[in-house]
Amino acid sequence: MIKVQALSHRIGRAEILADIDLALPEGKITALIGPNGAGKSTLLSLIARLMPVQAGQISVKGLDVAQTPTRDLAQVMAVLPQSPSVSSRLRVAELVGFGRWPYHQGRPSAEDHAQVAKALEVFALTALGPRFLDELSGGQRQRAHLAMAFAQATDWLLLDEPLAALDMAHARALMQQLSALRNGGRSTLMVLHDINFAAAWADHIVAMKAGRIVAEGPPAEVLTPAVLEALYDTPLRVEWFEGRPLVLYHL
């Protein structure tokens, strides 16, 4: 479980998050949704320890994020930020191999090599393994970073807008892979802007606006016209397709 208690965050005088309390379930796909500037990426970054906690407390599987050694945290959660920054002269297989660093610390074993090969295969990157990152398309680079996080083999995956550079087929393939991981007991927390991907695949949704939680729960409870229209300040229609909400814009 990820527990967030009394979490607040400011940048200068601007309040980004205010008194956030959450208990995110294990073995589920949780989607953070909301308009631009809602605080979704900030919340994920604080949980991932990409930013220091100013006020409040965060724990992942009982480990205090502010106090736990980095290597221990890296064996519990893998993080893919919105704009990962790595050398463009890395080869794809080398990048994916960094996902195993928390385990081997520079001395990869046969198991580490096997996990890298598996990640390359899962994300259809085996043939691209020898290629440099700057030789890839934006979507291929995004898949390479996702493969690195996958290779880390953690209980939690934290992904900030992982679908942003992916075409429809690869976006669907990623959500299918996350669903398979969930069925195997692993957990995902992700920021999503596409409401219908959240509706189709998430088990738990946290809706945010102006640094606060507006609604939280299963898609059927959160993705209602009343909640969504208040969240996005625009009229929306919700239908049902194969037992899941389907959000439509009014023309």
Side-chain angles (χ1 to χ4, degrees), residues 1-4 7 17-45 47 80 82 139 142-143 146 149-150 155-251:
M1 178 183 291
I2 292 178
K3 291 190 69 175
V4 179
L7 183 69
L17 297 173
D19 295 323
I20 301 293
D21 287 289
L22 286 171
L24 302 179
E26 291 187 340
K28 305 291 183 183
I29 297 174
T30 297
L32 299 177
I33 67 168
N36 294 337
K40 306 180 298 296
S41 292
T42 299
L43 175 57
L44 187 137
S45 294
I47 294 171
L80 180 61
Q82 192 173 135
Q142 179 74 340
R143 282 157 50 205
L146 286 164
F150 177 85
D155 292 328
W156 278 91
L157 276 172
L158 276 58
L159 310 175
D160 194 354
E161 296 191 41
L163 308 183
L166 300 183
D167 61 33
M168 187 179 296
H170 285 109
R172 181 174 181 271
L174 171 62
M175 297 309 296
Q176 287 178 318
Q177 185 59 48
L178 294 177
S179 180
L181 291 176
R182 171 196 58 200
N183 294 341
R186 292 170 70 180
S187 312
T188 299
L189 173 63
M190 60 196 310
V191 174
L192 283 180
H193 274 295
D194 191 315
I195 300 301
N196 283 320
F197 269 95
W201 297 97
D203 306 292
H204 191 79
I205 293 180
V206 178
M208 299 181 65
K209 185 176 184 178
R212 290 172 168 78
I213 306 299
V214 172
E216 179 190 0
E221 295 180 8
V222 175
L223 301 181
T224 66
V227 170
L228 292 172
E229 289 179 12
L231 195 65
Y232 293 103
D233 297 317
T234 191
L236 294 167
R237 176 179 164 189
V238 179
E239 299 290 346
W240 286 83
F241 179 73
E242 296 185 352
R244 289 272 185 163
L246 177 65
V247 183
L248 305 171
Y249 289 99
H250 286 283
L251 298 179

Exercise. Output every pair passing salt bridge (charged side-chain N to carboxylate O under 4.0 Å, His left out) with a member in residues 201-213, not counting sequence neighbours, ordered by first then second residue.
Key: Glu15-Arg212, Arg182-Asp203, Lys209-Asp233
Quiz item: Which is it for Glu26 and Asp155 under the side chain to side chain contact (heavy atoms under 4.5 Å, CB included) test, yes or no, and what are the steps along the way?
Solution: CA-CA 9 Å; Glu26 291 187 340; Asp155 292 328; over 6 Å; no
Quiz item: Pro225 and Leu236: which non-hydrogen atoms are nearest, and at how many Å?
Solution: CB-O, 4.1 Å
Self-check item: Worked check of side chain to side chain contact (heavy atoms under 4.5 Å, CB included) between Leu7 and Leu22
Solution: CA-CA 9 Å; Leu7 183 69; Leu22 286 171; over 6 Å; no
Quiz item: CZ/Arg172 to CG/Leu163 distance, rounded to the nearest 0.5 angstrom?
Solution: 13.0 Å
Self-check item: Candidate pair Ile195 and Tyr232, rule side chain to side chain contact (heavy atoms under 4.5 Å, CB included), full reasoning
Solution: CA-CA 11 Å; Ile195 300 301; Tyr232 293 103; 2.9 Å; yes
Exercise. Evaluate the side chain to side chain contact (heavy atoms under 4.5 Å, CB included) criterion for residues Trp201 and Leu178: first the C-alpha distance (whole Å), next the side-chain angles of each, then the deciding distance (0.1 Å), finally the verdict.
Key: CA-CA 9 Å; Trp201 297 97; Leu178 294 177; over 6 Å; no
Quiz prompt | Heavy-atom side-chain contact between Val191 and Gln82 under 4.5 Å | solution = no
Quiz prompt | Side chains of Val238 and Thr224 in contact at under 4.5 Å (non-hydrogen atoms) | solution = no
Self-check item: Separation of Leu189 CG from Leu43 CG (nearest 0.5 Å)
Solution: 7.0 Å
Self-check item: Leu228 CG to Ile33 CD1 distance, which is reported to the nearest 0.5 Å
Solution: 6.0 Å
Quiz item: Atom NE2 in His204, atom CD in Glu216: separation rounded to 0.5 Å?
Solution: 3.5 Å
Quiz item: Are there more than 12 heavy atoms of other residues, nucleotides or ligands under 6.0 Å from atom CZ of Arg244?
Solution: yes
Practice problem: Working to the nearest 0.5 Å, report the span between NZ of Lys3 and CG of Leu24. | Solution: 11.5 Å
Quiz item: Does Arg186 have any side chain to side chain donor-acceptor pair (under 3.5 Å) partners at least two apart in sequence or in another chain, and if so, which?
Solution: none
Exercise. Using the test side-chain contact (heavy atoms from CB on, under 4.5 Å), find all partners of Ala38 that sit at least two apart in sequence or belong to another chain.
Key: Pro35, Lys40, Met208
Exercise. Taking all non-hydrogen atoms of both residues into account, name the closest pair between His170 and Asp167 and its distance.
Key: N-OD1, 2.8 Å
Quiz item: Which atom pair, heavy atoms only, marks the closest approach of Pro25 to Trp156?
Solution: O-CH2, 3.3 Å
Quiz item: How close do Leu146 and Leu174 get, heavy atom to heavy atom, and via which atoms?
Solution: CD1-CD2, 3.8 Å
Quiz prompt | Inter-residue atom distance Phe197.CZ - Met168.CE, 0.5 Å rounding | solution = 7.0 Å
Quiz item: Looking at Ala202 and Pro219, what are the two nearest heavy atoms and their distance?
Solution: O-CG, 3.3 Å
Quiz item: Minimum heavy-atom separation for Gly34 to Leu231, with atom names?
Solution: CA-CD2, 4.0 Å
